[in-house]
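Below: the structure, in C-alpha cells.
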Protein chains: 4
Amino acid sequence: MSSPPPANAPSKGDRTRRRLLDAAAAEIARRGPDGTSLAAVARRAELKAGSVYFHFDSRDHLIEAVLEEGVRESLRILDDAVSALAAPSAAPERLRAAVRAHLRAIEELSDYAMVVLAPPFHTAGDRMPVYRDALRTYLARWTELISDAQDAGVLPGGTDPRSLRDLVLGGLNASGLAGRPVADTARAMESLLGLDDG
Amino acid sequence: MSSPPPANAPSKGDRTRRRLLDAAAAEIARRGPDGTSLAAVARRAELKAGSVYFHFDSRDHLIEAVLEEGVRESLRILDDAVSALAAPSAAPERLRAAVRAHLRAIEELSDYAMVVLAPPFHTAGDRMPVYRDALRTYLARWTELISDAQDAGVLPGGTDPRSLRDLVLGGLNASGLAGRPVADTARAMESLLGLDDG
Amino acid sequence: MSSPPPANAPSKGDRTRRRLLDAAAAEIARRGPDGTSLAAVARRAELKAGSVYFHFDSRDHLIEAVLEEGVRESLRILDDAVSALAAPSAAPERLRAAVRAHLRAIEELSDYAMVVLAPPFHTAGDRMPVYRDALRTYLARWTELISDAQDAGVLPGGTDPRSLRDLVLGGLNASGLAGRPVADTARAMESLLGLDDG
Amino acid sequence: MSSPPPANAPSKGDRTRRRLLDAAAAEIARRGPDGTSLAAVARRAELKAGSVYFHFDSRDHLIEAVLEEGVRESLRILDDAVSALAAPSAAPERLRAAVRAHLRAIEELSDYAMVVLAPPFHTAGDRMPVYRDALRTYLARWTELISDAQDAGVLPGGTDPRSLRDLVLGGLNASGLAGRPVADTARAMESLLGLDDG
DNA sequence: AATGAATGAGATTTCATTCAT
DNA sequence: TATGAATGAAATCTCATTCAT
C-alpha cells in the first residue's frame with residue numbers, strides 16, 4: 001500500500017523520542033530542570049504523560065538526556081571549530097575560535113544550550129552522572145585552551161585558569177542567553193581578551 | 001519572671017522570620033526557586049510547614065522576599081562602595097570599586113547572592129514584581145557604570161553597554177558562585193577590563 | 001524449507017501458551033493473583049506484554065486458566081490415586097491414598113499447586129467461575145472421603161466433615177507449601193489421623 | 001467551652017491512626033496485601049488518600065503495621081493463655097491452651113488475624129522486616145510447644161516439630177478463616193492431637 | 001506564635017489494554 | 001505470531017494551603 005521507507009529513515013519511535021527531547025529542552029529552558037513537569041513536556045510533544053515512559057525510564061532520565069545532549073553537541077561544535085583551524089595554530093587563534101564556537105552553540109542549540117550555564121544552584125548534576133561527566137569534559141577542554149593562552153602570554157599568567165575559564169564562559173553564557181546579538185557579544189569578549197587584532 | 005527585652009531587640013517573631021529567610025535562601029541556593037519546597041524550608045528552620053503562614057502569605061512571597069533581599073543588599077553594598085570613593089572619582093576607579101563590591105556581595109551574602117545570577121530560565125521573576133524591580137535597579141546601576149567607562153575610553157565603545165554588563169556580571173557570578181577565590185577572580189577581571197594599573 | 005511437524009506435536013502457539021501459563025503460575029506463586037502483573041509474566045515468558053493478548057483474552061483469563069489448571073490437575077491426581085486402589089477398598093485406605101495424592105500434587109505441580117490453598121482473602125474466586133467450580137468439585141471429593149472415614153469410625157463423628165476437611169487440607173497445604181519434606185508431612189498427618197498402621 | 005478530655009484519652013491523631021489500621025486490616029482480609037489500595041483504605045476510613053501520609057510513611061508501612069499488629073496481638077493472646085495455666089502445667093495441657101488461644105485470636109482479631117496464615121505467596125515478608133520478625137517469634141513459640149508435646153509422648157516423636165507445627169497451624173487457620181464454628185474446629189483438632197481427655 | 005491534622009490539586013509512575021504493522 | 005507504540009485509568013505520593021486548637 002504505502003511505499004517502503006527509505007533506508008536509514010528514523011523510525012516512528014525515533015521521531016517521538018526526538019519530539020520529547022525537544023519539548024523537554026524547551027520546558028527546561030523556560031522553567032529550569034526542577035520546574036519542568038512531565039505533564040508539560042508531554043503536552044508540548046502532543047503525547048499523554050504515561051506514554052513518555054515507553055521512551056524514557058523516568059522524568060529524571062529524560063531531563064538528563066536533554067542536558068547531556070546539550071553539552072555533547074556544544075563539545076562537538078567546539079572541537080569542530082578548533083580542529084578546522086589550519087594546523088599548527090597559535091593559542092590566541094584557537095581561543096578566538098572557541099569563543100565563537102561557544103556563542104554559535106548557544107545560538108544553534110537554542111533550548112538545549114542553557115545547560116552549559118551549569119548554574120551551581122540546581123543540584124541536578126548530582127543525580128545525573130552522564131550529564132555531569134559530559135560537562136566535566138567540556139570544561140576541561142576550555143581549561144586547556146585558557147591555559148595555553150596564558151602560556152602564550154595573551155591572558156594573565158598568575159591566575160588559576162579555571163577562574164579565568166569561569167569568567168569567560170559565565171560572561172558568554174549570560175550575554176548569549178540574555179539574547180544579546182552574538183556579533184556584539186563576540187566582539188566585546190574578544191576585545192576584553194585582547195584578541196581583536198586577529 | 002523574665003527580664004524585659006531591651007528596646008529595639010528583635011522580637012521572637014522577628015527572629016523566626018529571619019530563620020525562615022535564611023533557610024529559604026539556603027534551599028534556593030541548592031535547589032533553585034522551583035525546587036524549593038515549603039516542607040524543606042520549614043524543616044531547615046526547625047518549624048512545621050503550616051507555621052510558615054504565620055510569617056509569610058505564601059511560599060511564593062517567602063521566596064520573593066529572599067530574592068529581593070539578595071538584590072537589595074547587593075545594591076546597598078554597591079552603592080556604599082561607590083559613594084565611599086573620594087568624589088569626584090573617575091569612571092575606571094568606580095568600575096573597579098563596583099567589581100570588588102559585587103564579589104564582596106557574593107561572599108557576604110552567600111546563599112542570598114545567587115539571585116543576582118538572574119538566569120533567564122526560571123520564570124520566577126515574572127510572578128515576582130518586587131524582585132524584578134529590584135533586579136532592574138541593580139542592573140541599571142551597572143549599565144551606567146559600564147557606559148561611563150566606555151565614555152572614558154576604558155571599555156570598547158561600539159558595543160551595547162548591556163552586552164558588556166552581562167559579560168562582566170555573568171563572569172563574576174560564575175566564578176564567584178563556583179567558589180573561586182575572590183582575590184583571584186577580582187584580579188583576573190580587572191586585568192581583562194584593563195583596570196589593573198590602578 | 002522446514003520438515004513438516006510430526007502429527008500431534010504442539011504447535012508454536014501451543015508452546016508459547018504453555019510458557020505463558022508456566023510464567024504466570026510462577027508469578028502467582030510468588031506474588032499472589034493480585035500482585036501479578038502482565039508485564040512481569042510476559043518478561044518471564046520472554047514475550048512483550050501486548051503479545052499475551054494473542055493467547056489470552058485478558059490478564060484475568062490468563063490467571064484463571066492457571067488457577068483452574070492447578071485444581072484440575074490436583075483432582076486428576078486424586079482421582080487416579082483413589083481409583084487405583086483394589087476395589088472395594090476401605091475408607092481409611094482411601095483417605096490415606098488421598099493424603100498422599102494431595103501431597104504429591106503439591107510436589108508435582110509446584111507453582112500451580114498453591115491454588116488449592118484457596119486462602120479466603122483473594123477474592124479472585126468471585127470473578128473466576130471456572131476456577132471456583134473446579135475448586136468446589138475438589139473440595140466436595142474430599143468432604144466425601146472425610147465423611148466416609150467418619151462413618152467408618154476412623155475420624156470423630158460429631159463434627160462437620162467440612163471442618164475436618166479444612167483442618168486436614170489446611171495442614172497439608174501449609175506444611176507442603178512451606179517446603180517441608182513430603183515424607184515427613186505425610187507420616188505426621190497419617191499419625192494424627194490414626195492411619196499409620198496401614 | 002468544651003470539657004477537657006480525660007487524661008490518657010487517645011488524641012484525634014490516635015483515633016485516625018486506629019481507623020486507618022482497621023480499614024487497612026479489613027481491606028487486606030478481603031483482597032490480600034497486594035490487592036489493597038490506599039484509595040480503598042482511605043475511603044473506608046473516610047479520609048482522603050493524601051491524608052494517609054500524615055500518619056504513615058507509605059502504603060507499605062501501613063500494611064506492615066497491620067500485619068505486625070496482627071501477629072503481636074496473637075502472640076499476646078497465646079502468651080496470656082499459656083501463662084494463665086496453673087504452673088507447673090503439663091505439655092498437653094499447654095498445647096490445648098495454645099490451640100484454643102490461636103482460635104480465639106482468629107475470632108477476636110477478625111480482620112487482623114489472617115496474617116498468621118503466612119501463605120508463602122505474598123512475598124510481603126521480604127520487604128517487611130518488622131512483620132517478619134514478629135512472625136518468627138510467634139512460630140518459634142509454637143515450635144517449642146509442639147516439641148514439648150513430642151517429648152511428653154503426646155505427639156509423634158520422629159518428626160520435625162516444624163512440620164507438625166505447620167500442620168496444626170495451617171489446619172487451624174484454614175478452618176478458622178473459613179468461618180467454621182470455633183468449638184467445632186477446636187474439638188476436632190484436639191481429637192486429632194489426642195488431647196480430648198484433658 | 002506554632003502545631004496537628006486534613007484537604008485538594010497535581011505530580012510521577014504503573015499497568016491493562018488496543019491497534020497498526 | 002509477535003512487536004512497537006500509544007492510551008486512559010488508576011495508583012502512589014508530594015505539596016501548598018487551611019484551620020481549629
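Labels below follow one simple rule: chain letters A, B, ... track the order of the sequence lines, proteins then strands, and each chain is numbered from 1. Every value quoted in this text rests on a predicted model; they were computed, and no experiment measured them.
One interatomic measurement links the two molecules: NZ of C:Lys48 to C1' of E:dA20, which rounds to 18 Å at whole-angstrom precision. Atoms CG (C:Leu47) and P (F:dA2) sit 6 Å apart, rounded to a whole Å. The interatomic distance linking D:Asp34 (CG) with F:dT12 (C1') rounds to 14 Å, in whole Å. One can place CZ of A:Phe54 at 17 Å from P of E:dC19, the figure rounded to the nearest angstrom. C:Tyr53 has its OH atom 19 Å from the P atom of F:dA6, to the nearest Å. Taking atom CZ of A:Arg15 as the reference point, atom C1' of F:dA6 lies 14 Å away to the nearest angstrom.
For the OP1/OP2 pair of F:dA6 and a distance below 4.0 Å, the side-chain nitrogens and oxygens of A:Thr16 include at least one atom meeting the criterion.
In this structure, A:Arg127 pairs ionically with A:Asp60, as a charged nitrogen and a carboxylate oxygen lie closer than 4.0 Å. Between B:Asp14 and B:Arg18 no salt bridge is recorded (no basic side-chain N to carboxylate O distance below 4.0 Å).
The partner of E:dA20 is F:dT3, judged by Watson-Crick or G-U wobble contacts that both fall below 3.5 Å. Summarising the base pairing, E:dA1 is matched to no nucleotide, lacking a Watson-Crick or G-U wobble pair whose two defining distances lie under 3.5 Å.
When heavy atoms are screened at a 4.0 angstrom cut-off, D:Ser51 is found touching base atoms of the nucleic acid. Backbone-only contact: B:Gly13 has heavy atoms under 4.0 Å from sugar-phosphate atoms and none from a base.
Summarising the geometry, atom CG belonging to A:Leu21 is positioned 5.5 Å from atom CD belonging to A:Glu69; distances are rounded to the nearest 0.5 Å.
Taking for each of D:His55 and A:Ala40 the nucleotide of DNA chain E with the nearest heavy atom, the 5'-most of the two is the partner of D:His55. Remark on DNA chain E: of its neighbouring residues C:Ala49 and D:Glu46, the 5'-side contact belongs to D:Glu46, judged by nearest-heavy-atom nucleotide.
Here the closest non-hydrogen pair linking D:Ala134 and D:Val71 is O-CG1, 3.6 Å.
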